[in-house]
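Below is one structure, written out as structure tokens, with a few remarks after it.
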Protein chains: 2
Amino acid sequence: MRRKTWQRDAVRDELEQQSGFVSAQGLHATLVTQGTAIGLATVYRALADLASDGDADSLQSDDGETLYRACRTDSHHHHLICRQCGRTVEIEAAAVEKWARKVASDNSFTHEYHVIDIFGLCPDCAK
Amino acid sequence: MRRKTWQRDAVRDELEQQSGFVSAQGLHATLVTQGTAIGLATVYRALADLASDGDADSLQSDDGETLYRACRTDSHHHHLICRQCGRTVEIEAAAVEKWARKVASDNSFTHEYHVIDIFGLCPDCAK
DNA sequence: CGTGCTAATGATAATCGTTGTCAAAAGTAA
DNA sequence: TTACTTTTGACAACGATTATCATTAGCACG
Ligand SMILES: [Zn+2]
Ligand SMILES: [Zn+2]
Ligand SMILES: [Zn+2]
Ligand SMILES: [Zn+2]
């Protein structure tokens, strides 16, 4: 039984405020700057819980950070991410899902899953 | 000017021996076990160089390790990877490349690039 | 072949994101 | 309230990777 704490709510609320993927450290810094006294370890734990509960998506950045985002939809989807500002657009494409499954089965691989992220520069960041 | 050393050759040769993605630490352990006295930092450097020269592909594992593979083709491609043994199949799919570019341009994102990896269990590992 | 210059090596320390520890604080049910 | 447990948070510990830096060794060039 997971207990309700203001810390978890604060993390979830702030994550939903963000327009793109953010790191645990970044979110913690934001909260502290806003005057919310919360421990870094607590933010790490809250984000990990959100991700494992399916309430947040996560991905690994190039420099080895885990980034999180509260997505608008519960269904499986992918992301188009600005590599500059992190701004993110959710992408759904049944054709690509089908392709991935076919590639796996064509090679007799089972229990398929995939990592598909598209990066670029958003209009704003392209100046 | 990059100088030729037996260490770099040893790393490249051993990487080409592998059937899938391997970590720097794993490759170093393999070399040392084979009696090749080589420093860990040197293996890290050699792999990073191979990747930046386009002679090896790299990806981030779930647990935050950078994995490397000497690929058979120089052209852009993706991978179907066994999450158990690391065995890897190279995948080319022009349709997916086109899709990724279209997703980016539809949203006015420029300088598109993508991360597309398919994971599963290979026939051997599925028992 | 030496000689000189400089890149490469490797043992080790340092870095950095993340997780483990554990005593204190707080949610929850009765 | 009380009793029971989960959660928190300061801080230590971890693990992959990178920085240091003295030593070694490519690689011209004479
Ligand atoms: Zn942007
Ligand atoms: Zn998908
Ligand atoms: Zn396998
Ligand atoms: Zn591609």
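Computed from heavy atoms alone, side chains included, the values below leave out hydrogens, waters and symmetry copies.
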Below 3.5 Å between N/O atoms, which protein atoms pair up with nucleotides 18-22 of chain C? Just atom names and distances, please.
| residue | atom | partner | partner atom | Å |
| --- | --- | --- | --- | --- |
| C/dT18 | OP1 | A/T66 | N | 2.7 |
| C/dT18 | OP1 | A/T66 | OG1 | 3.2 |
| C/dT18 | OP2 | A/Y44 | OH | 2.9 |

Nucleotides 4-6 of chain C: which of its N/O atoms have a protein N/O under 3.5 Å away?
| residue | atom | partner | partner atom | Å |
| --- | --- | --- | --- | --- |
| C/dT6 | O2 | B/R3 | NH1 | 2.8 |
| C/dT6 | O2 | B/R3 | NH2 | 3.0 |

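Side-chain contact annotation: A/Q25 with A/E65, donor-acceptor N/O pair under 3.5 Å absent.
For the OP1/OP2 pair of D/dT7 and a distance below 4.0 Å, the side-chain nitrogens and oxygens of A/T5 include no atom meeting the criterion.
Remark: C1' of D/dT17 and NE2 of B/H28 are 14 Å apart, rounded to the nearest angstrom. With rounding to whole Å, B/L47 atom CG is found 14 Å from D/dT18 atom C1'. The distance between atom CG of B/D9 and atom P of C/dA8, rounded to the nearest whole Å, is 13 Å. Going from atom CD of B/Q7 over to atom C1' of C/dA7 covers 12 Å, rounded to whole Å. Regarding A/K4, its NZ atom lies at a distance of 12 Å from the P atom of D/dT8, rounded to whole Å. Rounded to whole Å, the distance from CZ on B/R2 to C1' on D/dA25 is 17 Å. Nucleotide C/dG10 holds its C1' atom 14 Å from the CZ atom of B/R8, rounded to whole Å. Atom CZ of B/R12 is separated from atom C1' of C/dA8 by 16 Å (rounded to the nearest Å).
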*Go through the steps to decide whether B/D62 and B/R83 satisfy the test salt bridge (Lys or Arg N to Asp or Glu O under 4.0 Å), and finish with yes or no.*
CA-CA 10 Å; B/D62 294 325; B/R83 68 155 163 279; over 6 Å; no
*Candidate pair A/W99 and B/I118, rule side chain to side chain contact (heavy atoms under 4.5 Å, CB included), full reasoning*: CA-CA 10 Å; A/W99 167 77; B/I118 306 177; 3.8 Å; yes
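The shortest distance between side-chain heavy atoms of B/E97 and B/H78 falls below 4.5 Å. Looking only at side-chain heavy atoms (C-beta outward), A/D49 and A/D55 stay at 4.5 Å or farther from each other.
Under the 4.5 Å side-chain heavy-atom criterion for ILVMFWY residues, no single connected hydrophobic cluster contains both B/L47 and B/Y44.
Screening B/R12, B/Q18, B/Q17 against B/E14 for a side-chain hydrogen bond (donor to acceptor under 3.5 Å, both in side chains) leaves a single residue, B/Q18.
Contact record, B/D57 with B/F21: O-CE2, 3.8 Å, taken as the closest heavy-atom pair.
B/A37 comes within contact range of the sugar-phosphate backbone alone, with a heavy-atom separation under 4.0 Å but no base atom that close.
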Can I get a per-line list of side-chain donor-acceptor pairs under 3.5 Å for residues 119-127 of chain A, giving both atom names and the distance, sequence neighbours left out?
none

